[in-house]
Amino acid sequence: MHLGIFKITYNRTATHFMDDCFVNLGEEVILTLLQNSGTSKSANMAGERNPASCYLDERTFQLCCQLFLQHSETIQDGWSWEQIKGTDEGFMKKTVLMPVKPSVLHKQHEYSIQDENMVTDDIQANVEDETAGVQAVCEIHAVLRYEYHVLYSCSYQIPVLYFRASTLDGRPLSLEEVWSNVHPNYRQRLQQGPWDTLTQQEHPLLGQPFFMLHPCRTEEFMKPALDLAQAENKRMNYIVTWLSVVGPVLRLDVPLSYSTEVSAPD
Amino acid sequence: MSDNAESPTETQKDDPSIQHAATEQTGASDEKKKIDVLLKAVGDAPIMKTKKWSVERGRTVQSLAQFISRFLKLEASEQLFIYVNQSFAPSPDQEVGVLFECFGSDGKLVLHYCKSQAWG
């Protein structure tokens, strides 16, 4: 997953993009080889080191995450930091149980009916003393387990959202099932190019199969927010803004209070 | 209704809960049911000729985004993004009334929007 990063010193601004992305950071030019290159970028997206840069260095990523996690702790939002032993790398993690309509799981035909019954049995066993009305509601929905990871990508210099999803009995969801559970607000755009959007990918730190929301065009939705904040002389927390945009696509809720209570790193 | 905006009549018929703020009925106290929303384009998003809208509090961000997308005639491959408080994307299921309570000022809620082919 991680490709080579080479450091070359220039004293001129590199503005030419072909398959590689040149990022000008003052007098240093860092040559990064992008995995899914092919989209040409204009020179002014070279990511010059100014407050409105769409790129994020790893240190700032970690600072933003720590501030994010403080608020998560306050409101019991369930996020935690996972440090990779022996390194200074880490990621944010959160697990969510979400009820979904059983039709989300209909993609794998041989499993669907059996899964629904198993899930229903589990829930009914837990609500024996509840009223019939509650049991009726439980029978309608299946419950999925989503585990979200917020990682830093060295090659893209931005955060990336990884996740894995399974039923309660541990069966991993297929790619088709995951696509069918994308929030309706984004589903049409997803259907235009599902393989560009959400695919299976090996987790770069854990080496396990995950799904990933493609990061190539992160700057397209980050840049407007960054420009707005800069125009108002406000510093923003990159992770809060970024996660508020990508989270809901995958049914991950980012409460409004993050917007007002989480500060930007110094 | 008199206005100088080019609004597709179909959206007017489909969304009675989203109306031009300028055409509110006088005398009707809609403050409780509707809030004023000011839509501002960022990036290279098309600018709406009518920027100020009266929206029912219970309307979700998603339905407002759909309204704007239809109004701007976005293509299926384009995604609309909405920001509140300059740099936060509210959940599509969030009610605009709640956003107004949190971020409204001078009697209106300012929302910024942009569009992109953002995924991939």
Side-chain angles (χ1 to χ4, degrees), chain A residues 36 38-39 182-199 213-238 240-249 251-262 264, chain B residues 38-47 57 59-70 72-106 109-120:
Chain A
N36 292 324
T39 52
V182 162
H183 191 287
N185 191 49
Y186 310 94
R187 205 167 290 160
Q188 187 178 36
R189 172 57 190 92
L190 170 78
Q191 284 161 355
Q192 294 293 314
W195 295 100
D196 293 339
T197 308
L198 205 151
T199 56
L213 196 60
H214 261 277
C216 292
R217 292 181 186 262
T218 295
E219 61 193 325
E220 293 195 20
F221 61 79
M222 286 303 296
K223 191 169 191 309
L226 290 160
D227 288 346
L228 278 172
Q230 192 182 32
E232 302 268 327
N233 260 330
K234 283 164 83 168
R235 289 176 310 121
M236 41 160 276
N237 185 304
Y238 193 107
V240 169
T241 298
W242 169 81
L243 197 60
S244 74
V245 176
V246 299
V249 180
R251 309 284 190 172
L252 171 66
D253 186 46
V254 181
L256 280 179
S257 60
Y258 280 98
S259 167
T260 50
E261 301 303 315
V262 181
Chain B
L38 183 60
L39 297 174
K40 293 189 171 181
V42 291
D44 53 4
I47 299 172
R57 284 176 177 268
R59 200 87 186 186
T60 63
V61 168
Q62 175 178 352
S63 83
L64 184 61
Q66 282 170 354
F67 173 80
I68 299 170
S69 299
R70 285 203 303 270
L72 297 176
K73 297 186 169 65
L74 293 195
E75 297 172 19
S77 58
E78 294 178 300
Q79 182 76 49
L80 190 82
F81 294 96
I82 291 179
Y83 303 91
V84 73
N85 200 25
Q86 275 89 43
S87 57
F88 189 84
S91 160
D93 302 322
Q94 186 65 264
E95 292 181 2
V96 296
V98 173
L99 295 182
F100 179 79
E101 295 304 320
C102 295
F103 303 107
S105 66
D106 296 331
L109 173 69
V110 175
L111 295 178
H112 291 90
Y113 65 89
C114 71
K115 70 169 176 106
S116 79
Q117 315 229 359
W119 312 117

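Values reported hereafter were calculated over all heavy atoms of this structure, with side chains retained and with hydrogens, waters and symmetry mates removed. Source: prediction; values computed, not measured. Here is the naming used below: chain letters follow the sequence lines, and residue numbers restart at 1 for every chain.
- Atom-to-atom distance recorded for B:Gln79:CD and A:Thr197:OG1 is 9.5 Å, nearest 0.5 angstrom.
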Walk me through it: do B:Gln86 and A:Lys234 pass the test side-chain contact (heavy atoms from CB on, under 4.5 Å)? CA-CA 9 Å; B:Gln86 275 89 43; A:Lys234 283 164 83 168; 2.7 Å; yes
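- In this structure, chain A has a heavy atom under 4.5 Å from the side chain of B:Gln94, while its backbone stays farther away.
- When every heavy atom of B:Ser91 is checked against every heavy atom of A:Pro248, the shortest pair comes out as CA-CG, 4.3 Å.
- Of the listed residues (A:Met236, A:Glu232, A:Met222), the greatest number of heavy-atom pairs within a distance under 4.5 Å of chain B belongs to A:Glu232.
- Looking only at heavy-atom pairs under 4.5 Å with chain A, the residue among B:Pro90, B:Pro92, B:Cys102 that has the most is B:Pro92.
- Contacts of A:Asp253 with chain B are made by side-chain atoms alone, with heavy-atom separations under 4.5 Å and no backbone atom involved.
- In this structure, B:Ser87 contributes its side chain and A:Thr241 its backbone to no donor-acceptor pair below 3.5 Å.
- Among all heavy-atom pairs drawn from B:Cys114 and A:Pro224, the shortest one is SG-CG, 3.6 Å.
- If you measure heavy-atom distances from A:Pro184 to chain B, the contacts under 4.5 Å come from both the backbone and the side chain.
- Interface remark: of the candidates A:Gly247, A:Ser244, A:Ser257, A:Ser244 forms the most heavy-atom pairs closer than 4.5 Å to chain B.
- Taking CG of B:Leu80 as the reference point, atom OH of A:Tyr186 lies at 10.0 Å (rounded to 0.5 Å).
- Panel note: side chain A:Arg189, backbone B:Ser77; a donor-acceptor pair is recorded below 3.5 Å.
- Both the backbone and the side chain of A:Gln188 come within contact range of chain B, with heavy atoms under 4.5 Å apart.
- Smallest separation of non-hydrogen atoms from B:Phe88 and A:Leu256: CE2-CD2, 3.7 Å.
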